[in-house]
Amino acid sequence: MKKAQIILLLLITISTIHAQKKMITPPYLKKGDTIAIVATARKNIDDNLKPAISWLKNWGIEVVIGSTIGLDNNQLAGTDEQRAADFQAQLDNPNIKAIWCVRGGYGTVRMIDLLDFTKFKQSPKWIVGFSDVTVLHSHLNTMGYQSIHGIMPVSSKASEEAKETLRKALFGEHLEYKVPCENMNRLGTAKGELVGGNLSILYSLFGSPSAIDCSDKILFIEDLDEYLYHIDRMMMNLKRNGCLESLKGIIVGGMTKMNDNEVPWGKNALEIIDDVTKNYNIPIIYNFPAGHMADNRALIFGKQVSMEVNDLESKVVFE
């Protein structure tokens, strides 16, 4: 085979690989569509869904309550098999256009390998939530599908902006965020696919089939109720496994209710992230309004975004 033919073959192969990596966007919602509310992790036995159902009704969306709502298995919403069966039923139901996870906690990883995404691939739909739902976001990302990181039905204190951005994400309206400049921000611009979620969950998934590929991506991270040395440990893991050096940019959301030991670690969560990433020449946004907070703006994982960080503001625009 001639050298020119070999080069052409390589170019075709690379092009094919990139084409295969193009993320699939599930159909956006329209009035009259139906969303299912299910529990994939912590139980939800209280009658606390009325506000969320009201939001959906005002948006013109019908609601189906999954069989896991009300189940009580210690911390979890039923057994792993029950949670998987409920989620599977909503995945396979062609009348359900989106699945909204009721809350986080812990437990989604225990059911992820029980799911069959065959029918989902034939008819994709939006999976919505944050925190422990990062397991689903990451797994879907490896499969090549977009998903929505946003408020959940029990987010009763969610800001009006957070609710509106979720509506926009579900209905396919333009998403663009401008936030004030933070002193710690690292200036610059970047474009790439947005991935990420809860740092603890991302850390726990590395080495598994659900682990995200960081190459040429923009990484979003947030966390809640972690010890500061845990944040350092997890960031060092991202550094040592090559994730950080292959990123185009980082967006740091809420690092909420962090804990310290009797002997202080010596840095807060943002300072830890800054220290671990200091040798990478990429833009970084700190204190972005997403995560465990009332103003939890919706993000579409798997979608191309551009980020611009300057002395006045930080801007994130979804294509």
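Within the structure, disulfide bond (SG atoms under 2.5 Å apart) contacts touching residues 284-319 (residues at least two apart or in different chains) do not occur. Applying the disulfide bond (SG atoms under 2.5 Å apart) test to pairs two or more places apart or on separate chains, none has a residue in residues 28-77. Applying the salt bridge (Lys or Arg N to Asp or Glu O under 4.0 Å) test to pairs two or more places apart or on separate chains, those with a residue in residues 258-274 are Arg186-Asp274.
Side-chain atoms of Ile37 and Val63, non-hydrogen and from C-beta on, do get closer than 4.5 Å to each other.
In this pair, Tyr229 and Tyr227 present their aromatic rings tilted. The plane angle is within the 30 to 60° band.
Using modelled atom types, one finds a donor on one side chain and an acceptor on the other under 3.5 Å when comparing Thr108 with Asp132. Using modelled atom types, one finds a donor on one side chain and an acceptor on the other under 3.5 Å when comparing Thr25 with Gln146. Side chain to side chain, Glu226 and Asn259 fail the donor-acceptor criterion of an N or O pair below 3.5 Å. For the residue pair Ser200 and Asp223, a side-chain donor N or O sits within less than 3.5 Å of a side-chain acceptor on the partner. Using a 3.5 Å distance cut-off with no hydrogens or angles, the side chains of Thr256 and His292 do not pair a donor with an acceptor.
Few gaps surround CD on Glu173; more than 12 heavy atoms of other groups in view lie less than 6.0 Å from it. For Arg167, the CZ atom sits in a packed shell: over 12 heavy atoms of surrounding residues, nucleotides or ligands are nearer than 6.0 Å.
Transitive grouping of hydrophobic side chains (ILVMFWY, heavy atoms separated by less than 4.5 Å) brings Ile35 and Val64 into a common cluster. Val252 and Met307 end up in different hydrophobic clusters when Ile, Leu, Val, Met, Phe, Trp and Tyr side chains are linked at under 4.5 Å.
Taken to the nearest 0.5 Å, the CD1 atom of Ile221 stands 11.5 Å off from the OG1 atom of Thr134.
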Contacts table for residues 242-250: side-chain donor-acceptor under 3.5 angstrom, sequence neighbours left out:
unit_1: Ser246; atom_1: OG; unit_2: Gly242; atom_2: O; d: 3.3
unit_1: Ser246; atom_1: OG; unit_2: Cys243; atom_2: O; d: 3.0
unit_1: Lys248; atom_1: NZ; unit_2: Lys191; atom_2: O; d: 3.3

Give every donor-acceptor pair under 3.5 Å between a side-chain atom in residues 311-319 and any protein atom, sequence neighbours left out.
unit_1: Ser314; atom_1: OG; unit_2: Asn185; atom_2: ND2; d: 3.1

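Take Lys57 and apply the salt bridge (charged side-chain N to carboxylate O under 4.0 Å, His left out) test, not counting sequence neighbours, and it matches Glu62.
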